[in-house]
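In what follows, a structure is listed as structure tokens, so that the remarks can point back to it.
Numbering of ligands and ligand atoms starts at 1, following listing order.
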Amino acid sequence: TKKYKRNSYTIYSEELDQKASYKLAIERDLKQAIENDELELYYQPIIDLNTQKVIAAEALVRWHHPELGLISPNDFIAVAEESGQIIPIGTWVLKTACRQNKQWQDSGIPPFKVAVNISTKQLQHYDFVETVIKILKETALEPQWLELEVTESILLEDIEFIKESLLKLKEVAISLSIDDFGTGYTSLSYLRQYPFDKVKIDRSFIEDINRDLNGKRITSAIISLAHSLNMSVVAEGIENQSQLEYLSEERCDEGQGYFFSRPMPVDSLHLDLLEKE
Ligand code: C2E
Ligand code: CA
Ligand code: CA
Ligand code: CA
């Protein structure tokens with residue numbers, strides 16, 4: 001038998017093996033994550049730029065893996081979408097977020113919306129609208145306090161079914177936002193045929209505000225077009241004062257980002273909100 005020395009190629013393939021086994025572990029263990037109570041929602045406040053008040057909180061899922069530690073949604077949502085696990089996980093997220101918002105309201109702090117990310121696979125599921133309505137009933141959260149965020153890519157598939165579902169959700173007074181806007185291929189005028197209330201400008205454009213003129217131009221163009229179509233605008237990923245100033249000048253309605261607050265566990269957000277009152 002030939003002996004190979006440990007060269008860069010073997011190291012590279014070991015790294016690939018590690019990545020593959022990480023992904024396999026994620027796939028395998030995700031099935032038990034809900035039962036084992038390993039998922040948690042963090043919440044990030046969304047601020048009304050006119051009043052400086054918290055107008056909503058976005059729910060962002062985290063996974064406490066017993067061996068691998070804290071896993072970011074970027075590392076498991078795609079896997080969950082592939083395996084179909086996104087359906088039970090998505091339902092868990094919705095139910096937990098609605099229940100939490102109802103608890104906040106009952107605790108007497110000024111009410112705000114809870115925003116929940118919905119994956120394309122969920123919205124394509126035949127049962128999605130009924131599931132959402134059922135969860136609102138079960139948790140006794142009024143529909144106007146729930147906002148659903150979907151990404152642009154959703155609009156390229158199953159157009160009729162998706163449109164119908166969005167209309168039904170809109171009819172019961174749930175708010176709808178289009179997430180990560182500007183990263184896909186849709187134009188705002190195409191969006192007009194869908195009942196969205198809000199556009200969330202993708203973080204990459206907000207990052208560019210201080211960097212180059214294009215970041216500024218694209219951001220202002222999205223804001224004015226969205227306003228002309230009667231949609232409000234949220235800027236995500238605001239990290240500093242100068243981005244915020246620019247966005248306020250351009251009459252962006254809402255903002256979210258590390259400059260205001262990172263996503264936090266329930267208790268920390270609650271304390272934060274009590275302090276601000
Ligand atoms: P997203 O919906 O675009 O969420 C915003 C992401 O940007 C979050 O990452 C948030 O922590 C991060 N972020 C917020 N402000 C700032 C900032 O100022 N600077 C920077 N650099 N980042 C900021 P996170 O929590 O890791 O979530 C990543 C993505 O995973 C989300 O992107 C969303 O697409 C997906 N995701 C999270 N939770 C869920 C969920 O419950 N269901 C589904 N389907 N997807 C989810
Ligand atoms: Ca989002
Ligand atoms: Ca986003
Ligand atoms: Ca994003």
Open item on the list: Taking the ring of W104 and the ring of F112, is the distance between their centroids below 6.0 Å?
Closed with: yes

TODO: Assess the side chains of S175 and K113: does a donor N or O sit below 3.5 Å from an acceptor N or O?
DONE: yes

Open item on the list: Below 4.0 Å from ligand 1: does a non-hydrogen atom of E81 turn up there or not?
Closed with: no

Open item on the list: Any heavy atom of R262 closer to ligand 1 than 4.0 angstrom?
Closed with: no

Task: Winner among Y258, W92, F260 once heavy atoms are compared against atom 16 (C) of ligand 1 - done: Y258

- [ ] Please find out if the Ca ion (ligand 2) and some N, O or S atom of N117 are separated by less than 3.0 Å.
- [x] yes

- [ ] Please name the atom of D180, restricted to N, O or S, that is closest to the Ca ion (ligand 3).
- [x] OD1

- [ ] Taking only heavy atoms of S119 into account, list the atoms of ligand 1 that are under 4.0 Å away from them.
- [x] 44 (N)

Task: Side chains of E130 and D127 in contact at under 4.5 Å (non-hydrogen atoms) - done: yes

Task: Contact (N/O only, under 3.5 Å) between D179 and ligand 1 - done: yes

- [ ] Please say whether P263 places an N or O atom under 3.5 Å from an N or O atom belonging to ligand 1.
- [x] no

- [ ] Scan side-chain atoms only and decide if K163 and Q193 contain a donor-acceptor pair under the 3.5 Å cut-off.
- [x] yes

Open item on the list: Under 4.0 Å from a heavy atom of G237: which atoms of ligand 1 are those, numbered in the order shown and with their elements?
Closed with: 16 (C), 17 (C), 18 (O)

Open item on the list: I'd like to check which ligand 1 atoms, numbered from 1 as shown, lie under 4.0 Å from a non-hydrogen atom of D180.
Closed with: 3 (O)

Task: For V61, atoms of ligand 1 separated by under 4.0 Å from a heavy atom - done: 38 (N), 39 (C), 40 (C), 41 (O)

Open item on the list: Tell me whether R203 has any N or O atom under 3.5 angstrom from an N or O of ligand 1.
Closed with: yes

Open item on the list: Quick check: do L176 and L166 have side-chain heavy atoms less than 4.5 Å from each other?
Closed with: yes

Open item on the list: Side chains of I159 and Y194, heavy atoms from C-beta outward: is any pair under 4.5 Å?
Closed with: yes

TODO: For atom 8 (C) of ligand 1, state which one of T151, L60, I238 supplies the nearest heavy atom.
DONE: L60

- [ ] Please confirm whether E239 comes within less than 3.5 Å of ligand 1 when only nitrogen or oxygen atoms on both sides are compared.
- [x] yes

Open item on the list: Below a 4.0 angstrom heavy-atom separation, can you tell me which part of I89, side chain or backbone, both or neither, approaches ligand 1?
Closed with: neither

Open item on the list: If you define the side chain from C-beta out and look only at heavy atoms, does anything of K23 sit under 4.5 Å from V79?
Closed with: yes

Open item on the list: Please report whether ligand 1 has a polar contact with Q122, defined as an N or O pair separated by less than 3.5 Å (distance criterion only).
Closed with: no

- [ ] Could you check if a side-chain atom of R217 sits within less than 4.5 angstrom of a side-chain atom of F205, using non-hydrogen atoms only?
- [x] no

Open item on the list: Would you say N210 and N240 are linked by a side-chain donor-acceptor pair, where the criterion is simply a distance under 3.5 Å?
Closed with: yes

Open item on the list: Can you confirm whether the side chains of E38 and H65 place a donor and an acceptor under 3.5 Å from each other?
Closed with: no

Open item on the list: Under a 4.0 angstrom heavy-atom cut-off, which atoms of ligand 1 come close to G257?
Closed with: 15 (N), 18 (O)

- [ ] Starting from the Ca ion (ligand 2), look over the N/O/S atoms of E58 and name the nearest one.
- [x] OE2

Task: Side chains of I206 and E236 in contact at under 4.5 Å (non-hydrogen atoms) - done: no

- [ ] Among the N/O/S atoms of D179, select the one at the shortest distance from the Ca ion (ligand 3) and name it.
- [x] OD1

Task: Exceeds 12 heavy-atom contacts within 6.0 angstrom, atom NZ of K168 - done: yes

Open item on the list: Do Y22 and L68 make a side-chain contact, defined as non-hydrogen atoms from C-beta onward lying under 4.5 Å apart?
Closed with: yes

- [ ] Determine whether Y43 and P263 make a side-chain contact, defined as any pair of heavy atoms from C-beta on separated by less than 4.5 Å.
- [x] no

TODO: Could you tell me whether any N, O or S atom belonging to E149 is less than 3.0 Å from the Ca ion (ligand 2)?
DONE: yes

Open item on the list: Using a 4.0 Å cutoff against the non-hydrogen atoms of E58, which atoms of ligand 1 qualify?
Closed with: 2 (O), 4 (O)

- [ ] Have a look at ligand 1 and work out which part of Q44, if any, has a heavy atom under 4.0 Å from it: side chain, backbone, both or neither.
- [x] side chain

Task: Identity of the N, O or S atom of E236 lying closest to the Ca ion (ligand 3) - done: OE1

